Amino acid sequence: MNSYKLLTIMVAALWVFAASPLGAQPDNIVFDPLKTFGKSKRSGVTLHHNRHVEAGLSCKDCHHIYENGKNVLDESTLEEGNQGIRCSTCHGPKFRIGLKQAFHDQCIGCHTKFQKERKKTGPRYCGQCHVKK
Amino acid sequence: MLNFVQGHLISIAFIVFILGLVYQGIQFFKLTKKKEWCVPPSSIEIKREKMTTQQRILEGLRSLNGNLWKTDPALTFITVVFHICLIATPLFLLGHNILLDQSWGVRLFSFPESLSDLLTLIVLICGVYFLGRRLFLARVRAISSVYDYIVLLIALAPFLTGFLAYHQWFDYEIVILLHILSGQLMLITIPFTKLGHMLFFFLYRFLIGSEYSFVRGSRTW
């Protein structure tokens, strides 16, 4: 009887977890420059989203909408399929920071910062992200 | 260790490179400060009469006859190509410029990556030609020592590892680390080995050279 109870609780917990925003996040996001830019010099980049969450980063460490130097993003808008939260909504050819530079700044910038602080960090050199197939 | 190579060692290499060149430049002028009595070569009097542009060009071309262009045109051509590619490739490489932009917010114009790839290959082919000369030409082998081979290797290593890194052959993590290390080694060794001709070429060619051509008899250095 006890084991049934435990199983029921576990299954219920799994459902709750799956329905929570944390569970709904994609593990890996592939940025394909061919799709975005039409042409590509380098291969696409796989962003390991779960590794960033596991590393203890908060959503707003990366996702942002800046107003007067403050990140005013509402975290509840961060849902898969919401076109308004895509990087390309703001970072495009018409904006100060283009999409490619935004990606480079965001990834390499943060990884370098962590390296300088002697923390565990991610890749910083071209071929570590743009992996040739 | 890894952090050191990718961080502070880059700054150290650049500081050694720049201060080393400044030191060598100062040494050059210091060691040659003492005046030596000399007779300017007045026997070769060049007539500086009015020449047409065509005559000037012809005379310029004729003056090439006395130098390496006449004795070894292939080497002259290859060495010019080698040096142009050697300097242009790393400066106008997309990857370098993106990293530079990340660090300092400045960047140079970048070649397309396929062009950089080709230029790197040209540097390597020229390097193999130089190595071949040292190995197989008796008159060159006679004056080659281990030092010459090491210097050639130091100059080529960043290009070989860069080429491998771009194509992501072998283990990328190791290759890119070797690429950074070999670049730093080259920067550090430039002022203190015969790679110093990066600076001395200009001193020899234009400062000492000018004494015998532009303003004969007066020392400009």
Side-chain angles (χ1 to χ4, degrees), chain A residues 30-34 36-48 51-52 55 61-62 64 66 69 87-88 91-93 95-133, chain B residues 1-12 89-90 92-120 158-184:
Chain A
V30 179
F31 297 112
D32 190 352
L34 260 180
T36 318
F37 302 113
K39 54 178 183 174
S40 167
K41 289 174 189 159
R42 290 264 178 161
S43 64
V45 172
T46 305
L47 166 75
H48 303 283
R51 281 193 209 164
H52 289 81
D61 281 339
C62 301
H64 57 260
Y66 283 113
C87 307
S88 55
H91 296 292
F95 295 87
R96 190 171 62 88
I97 299 174
L99 192 58
K100 192 176 91 177
Q101 202 199 336
F103 284 140
H104 284 161
D105 284 356
Q106 189 83 312
C107 299
I108 308 173
C110 199
H111 293 163
T112 306
K113 194 177 134 232
F114 270 56
Q115 190 250 345
K116 279 184 181 157
E117 290 167 0
R118 293 175 178 276
K119 288 179 192 162
K120 197 170 175 245
T121 188
R124 295 163 53 222
Y125 297 109
C126 314
Q128 293 169 321
C129 292
H130 299 278
V131 181
K132 277 201 178 166
K133 283 151 202 162
Chain B
M1 170 68 189
L2 261 176
N3 267 347
F4 176 67
V5 171
Q6 296 170 359
H8 292 306
L9 195 56
I10 298 176
S11 321
I12 293 171
T89 312
F92 304 118
L93 191 95
L94 182 68
H96 290 177
N97 280 319
I98 285 175
L99 287 177
L100 200 65
D101 198 20
Q102 290 299 325
S103 306
W104 292 351
V106 286
R107 61 183 297 171
L108 299 165
F109 150 84
S110 299
F111 289 148
E113 288 202 288
S114 50
L115 178 63
S116 298
D117 195 32
L118 179 70
L119 297 182
T120 309
F159 291 87
L160 181 63
T161 51
F163 188 74
L164 293 179
Y166 173 66
H167 290 280
Q168 299 184 15
W169 292 339
F170 306 109
D171 185 352
Y172 183 80
E173 303 291 322
I174 293 171
V175 170
I176 197 73
L177 191 68
L178 288 176
H179 178 63
I180 297 167
L181 273 172
S182 59
Q184 291 162 341

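Basis for what follows: all heavy atoms, side chains included, without hydrogens, waters or symmetry-related copies. Worth saying up front: this structure is predicted, and the values here are computed from it rather than measured. Proteins get letters first, then strands, A, B, ... in listed order; numbering begins at 1 in each.
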Set out, in order, the CA-CA distance, both residues' side-chain angles and the distance that settles side chain to side chain contact (heavy atoms under 4.5 Å, CB included) for A:K132 and B:Y166, then state yes or no. CA-CA 9 Å; A:K132 277 201 178 166; B:Y166 173 66; 4.0 Å; yes

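More than 12 heavy atoms of other residues, nucleotides or ligands shown are found within 6.0 angstrom of CZ on B:R107.
Here the side chains of B:D101 and A:H104 are not in contact, with every heavy-atom distance at 4.5 Å or above.
Shown here for B:E173 and A:Q128, the closest heavy-atom pair between the two residues is OE1-NE2, 2.9 Å. Across every non-hydrogen atom of A:R124 and B:L99, the tightest pair is O-CD2, 3.7 Å.
Panel note: side chain B:E113, backbone A:R42; no donor-acceptor pair is recorded below 3.5 Å.
No other option in A:C126, A:G109, A:G127, A:P123 has as many heavy-atom pairs under 4.5 Å with chain B as A:G127.
Within residues 111-118 of chain A, the residues that have a heavy atom under 4.5 Å from a heavy atom of chain B are A:Q115, A:R118, listed by number.
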